[in-house]
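Comments concern the structure below.
Because the structure is a prediction, the values reported are computed rather than measured.
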Amino acid sequence: MRRIGTANLTPGMITAEDVYNYNNQLIMPKGVILDDKNIAKLDYYSILSVRIEDEAVQTEHKTQEYAKSYSERVKSSPEFVRFKREFDADVESFKNVINDVVIKGAPLDVDKLMNHTLNILDISATTPNILDMLHCMREYDDATFVHSMNVALICNVMARWLRMSGEEIKLATISGLLHDIGKTQIPDSIIKKPAKLSPQEYAIIKRHPQAGYELLKKSDLDPHILNAVLMHHERCDGTGYPLGLNGNQLPTFAKLVSIADVYDAMTSARVYRGPLCPFKTIEIFEEEGLHKYDPQFIMCFLENVVNTYLLNSVRLSNGERGTIVYINKDKLSAPTVRTESDFIDLSHRPDIKIEAII
């Protein structure tokens, strides 16, 4: 590997290390094949130089590629094709393992469970925005197993953003995979009900953290994972369930899973609405969630999520289209957007919102 000044980077070069900004945020992971947008992003964050692999790959600059929509660009990439193939296979394998545990009483082999997800985790480790991949797979219904895989991937990304150790990243990932196993104990008529739950049905749904804990407590799982399963619906302000714990009583991995769980739920389609735009989800977190989640974890998560959309094209609620050119740290959901005619600082224009990434 060699260190190259940002001004001398060219498309096709491959990052040889994770690249962080001066606030310790992950800007770009190791293994990314640089293109014009990646290089512009490094320059924007004043990254003076990066280590790159000795060998580059040949790339072709295709202007017409940028005429495609955001979703089309992601879906047409070879990374997404591979990601979707591995995701489908991993969800099916995960489902079979869990069904063996729940129905047949088979012992839960964590190493086997991790082996089923290693391929997709390897892809996510070298993908600049794994969340892009998930947002482009929302044709799935929000089945328990698909949601759990999504949460596991988000937990894996969060743990890496927080620069946790390899063992901690593994614990975060398994915690995400198993967090909703208790829903296998809830009737399908409630889990898959296409309408609003009654108070009685909601009370039954709220039993799933305890049910999951009871299902797994006799297995040889790390206590951190068991606590995450039991406590992923607890909140730092004490408003969660099933125990009504507060922030000082909540373990790390339960806090991580709680954020990933809510983010995936909000950005997934529902019977009564489509998936929310990530910026709408971030706005909800800013308005309602900052006191409910660990400040260190939620701010790290939101800042990194927003960072992934820098230089992306968006559609605004006033009908205009533009490009995100600046992230406002005091209002992450309201960046500055460059349109054809102007720069709009959305933090000063509460009447205009980002409706979609295009």
Side-chain angles (χ1 to χ4, degrees), residues 87 90-110 113 116-117 134 137-155 172-219 221 223-235 239-245 250-251 253-273 275-276 292:
F87 186 96
D90 288 345
V91 167
E92 191 60 31
S93 297
F94 171 55
K95 181 177 180 179
N96 291 336
V97 168
I98 296 304
N99 282 338
D100 284 346
V101 172
V102 174
I103 298 172
K104 301 177 183 179
L108 182 62
D109 187 334
V110 173
L113 199 61
H116 283 306
T117 62
L134 296 181
M137 294 179 63
R138 292 315 193 186
E139 68 270 17
Y140 286 105
D141 59 10
D142 191 30
T144 296
F145 296 104
V146 170
H147 169 66
S148 294
M149 182 64 73
N150 291 347
V151 171
L153 291 175
I154 296 170
C155 284
T173 306
I174 295 296
S175 295
L177 272 175
L178 296 177
H179 81 285
D180 262 354
I181 192 173
K183 285 186 176 178
T184 61
Q185 309 298 293
I186 307 297
D188 273 355
S189 60
I190 295 177
I191 293 291
K192 298 180 179 180
K193 184 178 178 180
K196 186 177 180 179
L197 297 178
S198 69
Q200 293 78 16
E201 290 168 330
Y202 183 58
I204 293 173
I205 280 283
K206 289 173 68 174
R207 298 174 188 169
H208 78 269
Q210 185 72 48
Y213 178 80
E214 295 296 331
L215 188 64
L216 295 173
K217 69 179 183 181
K218 294 181 181 179
S219 62
L221 282 174
H224 291 297
I225 298 172
L226 293 175
N227 285 334
V229 171
L230 177 63
M231 302 177 192
H232 68 276
H233 277 289
E234 302 288 352
R235 298 293 180 260
T239 60
Y241 63 87
L243 304 173
L245 303 178
L250 297 179
F253 299 105
K255 292 177 179 179
L256 288 183
V257 173
S258 69
I259 295 170
D261 180 39
V262 171
Y263 181 82
D264 186 66
M266 286 197 288
T267 53
S268 296
R270 289 290 183 268
V271 173
Y272 53 87
R273 62 159 172 81
L276 294 181
K292 292 182 179 292

From [X] [atom1] over to [Y] [atom2], what is the distance, rounded to the nearest 0.5 angstrom?
X	Y	atom1	atom2	value
Ser93	Ile98	OG	CD1	11.5 Å
Ile186	Arg207	CD1	CZ	7.0 Å
Glu201	Ile191	CD	CD1	10.5 Å
Ile154	Thr173	CD1	OG1	11.5 Å
Ile205	His233	CD1	NE2	8.5 Å
Met231	Phe253	CE	CZ	13.5 Å

Task: Side-chain donor/acceptor of Glu234 to backbone N/O of Gly244, under 3.5 Å - done: yes

Task: Heavy-atom neighbours of Tyr241 OH exceed 12 at 6.0 Å - done: yes

Any side-chain heavy-atom pair of [X] and [Y] under 4.5 Å:
X	Y	answer
Val101	Thr184	no
Leu221	Leu178	yes
His232	His208	yes
Leu230	Leu243	yes
Phe87	Asn150	yes

Open item on the list: Tell me the closest heavy-atom pair linking Leu177 and Ser148, and the distance in Å.
Closed with: O-CB, 3.4 Å

Task: Over all atoms of both residues, closest heavy-atom pair of Leu256 and Ala172 - done: CD1-CB, 4.1 Å

Task: Criterion side chain to side chain contact (heavy atoms under 4.5 Å, CB included) on Val262 and Arg235, from CA distance to verdict - done: CA-CA 11 Å; Val262 171; Arg235 298 293 180 260; 3.4 Å; yes

Open item on the list: Checking Leu108 against Asp100 for the side chain to side chain contact (heavy atoms under 4.5 Å, CB included) test, could you report, in this order, the C-alpha distance in whole Å, the side-chain angles of both residues, the deciding distance, and whether it holds?
Closed with: CA-CA 9 Å; Leu108 182 62; Asp100 284 346; over 6 Å; no

Open item on the list: With side chain to side chain contact (heavy atoms under 4.5 Å, CB included) as the criterion, how do Gln185 and Gln210 come out once you've worked through the C-alpha distance, each side chain's angles and the decisive distance to 0.1 Å?
Closed with: CA-CA 10 Å; Gln185 309 298 293; Gln210 185 72 48; over 6 Å; no

Open item on the list: Test side chain to side chain contact (heavy atoms under 4.5 Å, CB included) on Val257 and Val229; report intermediate values, then the result.
Closed with: CA-CA 9 Å; Val257 173; Val229 171; over 6 Å; no

- [ ] State yes or no: are the ring centers of His147 and His179 separated by less than 6.0 Å?
- [x] yes

